[in-house]
Amino acid sequence: MIDRRALRWNGWGFVHAGFELGGREPEVWRWVAEQLGRKQLPHRPAAPLDRLELAAPALSEDDLGALRAIVGAANVKTDRYERAFHSRGKSYLDLLALRSGDLRHAPDAVVYPGSGEEVQAVVTHCDREGLALVPFGGGSSVVGGVSALRGDDQRAVVTLDTTRLGRVLAIDSESLTARVQAGIYGPELERTLQREGFTLGHYPQSFEFSTLGGWIAARGAGQQSYRYGKAEKWLVSAELATPKGPWRTEAFPASAAGPNLNQFVAGSEGILGVITEATVKIHRVPAEKDYRGFFFKDFTAGAKAVRTILQEELPVAMLRLSDAPETHFLQSFSAAQHPPGAIERAAMQALAWRGYGEGRCLLIVGLEGDRETVLESQVRTRAVIERLGGVHLGTRVGERWYSKRFAMPYMRDPMLDRGVAVETLETSVRWSDLHHLYRGVHLAIHDALRDNAADPEARAIVMCHLSHGYIDGASLYFTMIFPQKQGAEVEQWLAIKRAASDAIVAGGGTISHHHGVGTDHAPWLLREKGEVGVALLAGLKDSLDPNHTCNPGKVLPG
Ligand SMILES: Cc1cc2nc3c(=O)[nH]c(=O)nc-3n(C[C@H](O)[C@H](O)[C@H](O)COP(=O)(O)OP(=O)(O)OC[C@H]3O[C@@H](n4cnc5c(N)ncnc54)[C@H](O)[C@@H]3O)c2cc1C
């Protein structure tokens with residue numbers, strides 16, 4: 001379990017850590033300012049915690065006494081730090097609220113149960129007493145999934161932090177499954193499994209600060225999902241504490257006994273109850289890892305290579321194709337930190353002469369497995385890539401990406417400190433609709449950014465990568481960096497988000513491939529699931545949680 005106070009309550013990661021700019025802060029920030037059409041970047045520090053207004057907890061001493069009796073006095077927290085830390089997740093909207101000192105959604109108490117039985121007792125208590133209950137793992141939701149909301153008829157909000165449930169309970173080395181408590185953080189889970197020679201292989205960018213339960217509840221995807229699968233694929237079974245009592249789902253390798261109910265748990269986002277533990281599929285730790293880079297002349301050629309590799313069913317762990325703006329951004333940002341030497345500059349110039357210039361797109365191919373499989377796969381993926389116009393860059397770019405794969409989120413807080421917004425959104429779509437959707441979303445974002453720009457000189461960076469591919473389609477992940485419109489930051493972002501989400505749905509994409517629904521995507525759910533589908537989900541909620549105790553205001557359209 002990570003000590004909560006070691007973490008930024010209103011930003012990313014450990015308080016003592018940050019993004020390493022190689023001693024070239026002035027050059028990097030000058031480069032960012034230039035890209036965004038700013039002469040210089042403003043100074044916009046976040047409001048300090050001790051000056052924020054926080055309403056007194058709306059729980060009586062009886063309520064608190066009852067919670068203390070369940071989890072122990074030390075595990076019921078009502079102090080300022082705990083309530084602020086648990087008030088929201090990590091989306092741009094969340095950070096805007098936290099940084100401006102808006103703690104309207106702070107929970108009235110945070111409880112840390114130490115067993116599945118204690119979780120069940122807390123759920124039952126909240127349900128009986130008319131209290132809202134918000135399940136909270138790492139709190140890295142970027143869709144409003146952990147906002148401490150309550151229904152009109154609920155007296156107060158209790159946030160249930162799962163991180164004391166942090167143990168691997170059993171490993172079945174014959175079946176390759178592990179039974180794990182839901183509040184375990186990524187690093188502790190992998191450390192424990194790898195000590196025994198196994199891995200789950202689920203490495204989202206938020207790996208260090210997110211939990212097993214959160215991955216399942218939000219149907220998450222790790223960066224190597226091509227090999228290890230999304231959460232719904234590696235989930236074997238789960239145990240939940242619900243207002244109707246404990247619920248354990250079936251745990252078979254396959255079954256024809258009706259629909260597989262695990263599929264309702266994956267993506268339930270806390271609205272059906274609290275996942276207390278799960279059995280998951282594990283793998284032997286791969287003996288070999290190979291990450292290398294390739295350039296394509298454009299995004300279409302790169303996407304065709306990714307599709308071909310997947311449809312030829314070559315065993316890959318990761319294929320990550322950046323479009324031209326993202327490739328340019330990554331290279332220029334890296335050059336601002338570590339200026340390239342003469343040899344590197346000459347190599348880039350030579351590639352530009354060969355046509356890999358302005359529009360070039362970087363593909364990172366990750367292979368994992370035993371030595372023979374990785375070697376064979378390396379030969380075969382490279383053959384496909386070169387046949388379709390890719391040029392090999394070697395392992396350095398791949399290894400650099402791998403070593404920094406969890407670092408980028410640390411850039412967001414210093415950007416916000418300088419009036420620069422950073423946010424992402426994602427979808428998945430069939431191959432036959434992919435380019436149409438890509439263009440449509442790009443256009444919608446650009447138009448919305450222009451119509452909501454900070455001023456006429458403001459420029460934005462909009463970039464995309466293709467990741468998490470399948471035989472029939474792939475996920476597209478968009479990142480936007482733009483100057484904030486001071487005083488209207490929320491409205492500015494909502495306009496951009498609305499335009500992008502409408503374009504995603506119009507283009508045939510899902511409103512989320514791996515971030516989930518939360519509050520932010522709920523308005524688009526009806527268009528995706530249809531009336532019958534939403535009624536089915538609502539019925540499921542009503543049957544397990546008739547008083548709507550669990551995570552009110554999330555997933556289902558209001
Ligand atoms: C910088 C950054 C990078 C990210 N990268 C990725 C990525 O690569 N891939 C990806 O999939 N996601 C990514 N995310 C999104 C987020 O990390 C995932 O949604 C993650 O799965 C959430 O895990 P968590 O433990 O933080 O859950 P939380 O944020 O605490 O909760 C997420 C949702 O699940 C519910 N929940 C949590 N635990 C439980 C439980 N035990 N039982 C029932 N409900 C529960 C919550 O109520 C909430 O609705 C990223 C987020 C950030 C901020």
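All heavy atoms count here, side chains included; hydrogens, waters and symmetry mates do not. Counting starts at 1 for both ligands and their atoms, following the listed order.
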>> Would you call the rings of H521 and W524 parallel, tilted or perpendicular, taking 30° and 60° as the class edges?
In response: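 Geometry flag for W524 against H521: perpendicular rings.
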> Angle class for the W215/F207 ring planes (parallel below 30°, perpendicular above 60°, tilted otherwise)?
Replying inline: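 W215 vs F207 ring planes: parallel.
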Among [options], which one has a heavy atom closest to [atom]?
| atom | options | result |
| --- | --- | --- |
| atom 43 (C) of ligand 1 | S268, G273, S475 | G273 |
| atom 38 (N) of ligand 1 | G214, A278, S512 | G214 |
| atom 8 (O) of ligand 1 | Q205, M411, R412 | Q205 |

Does this structure show an ion pair linking [X] with [Y], if we count only N-O contacts that are shorter than 4.0 Å?
| X | Y | result |
| --- | --- | --- |
| E239 | R248 | yes |
| R4 | D161 | yes |
| D127 | K244 | no |

Compute the minimum heavy-atom distance from [X] to ligand 1 and say whether it is under 4.0 Å.
| X | value |
| --- | --- |
| F207 | no |
| G518 | no |
| T162 | yes |
| A231 | no |
| G89 | no |

>> So, using side-chain contact (heavy atoms from CB on, under 4.5 Å) as the criterion, who are the partners of T279 when residues are at least two apart?
In response: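 T177, R179, V236, S237.
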> By number and element, which atoms of ligand 1 are closer than 4.0 Å to a non-hydrogen atom of G220?
Replying inline: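 Near G220, the atoms of ligand 1 are 11 (O).
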>> Show me which atoms of ligand 1 lie under 4.0 Å from any heavy atom of A218.
In response: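 Result: 19 (O).
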>> Checking contacts now, so for atom 22 (C) of ligand 1, which I'm interested in, is there any protein heavy atom under 4.0 Å?
In response: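 Protein heavy atom within 4.0 Å of atom 22 (C) of ligand 1: present.
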> H283 pairs by ring-ring contact (aromatic ring centres under 6.0 Å, His included) with which of W234, Y228, F198?
Replying inline: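 When ring-ring contact (aromatic ring centres under 6.0 Å, His included) is applied between H283 and each of W234, Y228, F198, only Y228 qualifies.
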>> Please work out, at 4.0 Å between heavy atoms, whether the side chain, the backbone, both, or neither of N551 comes within that distance of ligand 1.
In response: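 Near ligand 1, N551 shows its side chain, while the N, CA, C and O stay back.
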>> Please work out, at 4.0 Å between heavy atoms, whether the side chain, the backbone, both, or neither of P409 comes within that distance of ligand 1.
In response: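 For P409, only side-chain atoms sit under 4.0 Å from ligand 1.
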> How far is atom 10 (C) of ligand 1 from its nearest protein heavy atom, and which residue and atom name does that atom have?
Replying inline: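 Looking at atom 10 (C) of ligand 1, the protein heavy atom closest to it is H514 CD2, 3.3 Å.
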>> Tell me the closest heavy-atom pair linking R164 and P113, and the distance in Å.
In response: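 Minimum heavy-atom contact is CB-O, 3.3 Å.
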> What distance separates T510 OG1 from R527 CZ, expressed to the nearest 0.5 Å?
Replying inline: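 The CZ atom of R527 is 12.5 Å from OG1 of T510, to the nearest 0.5 Å.
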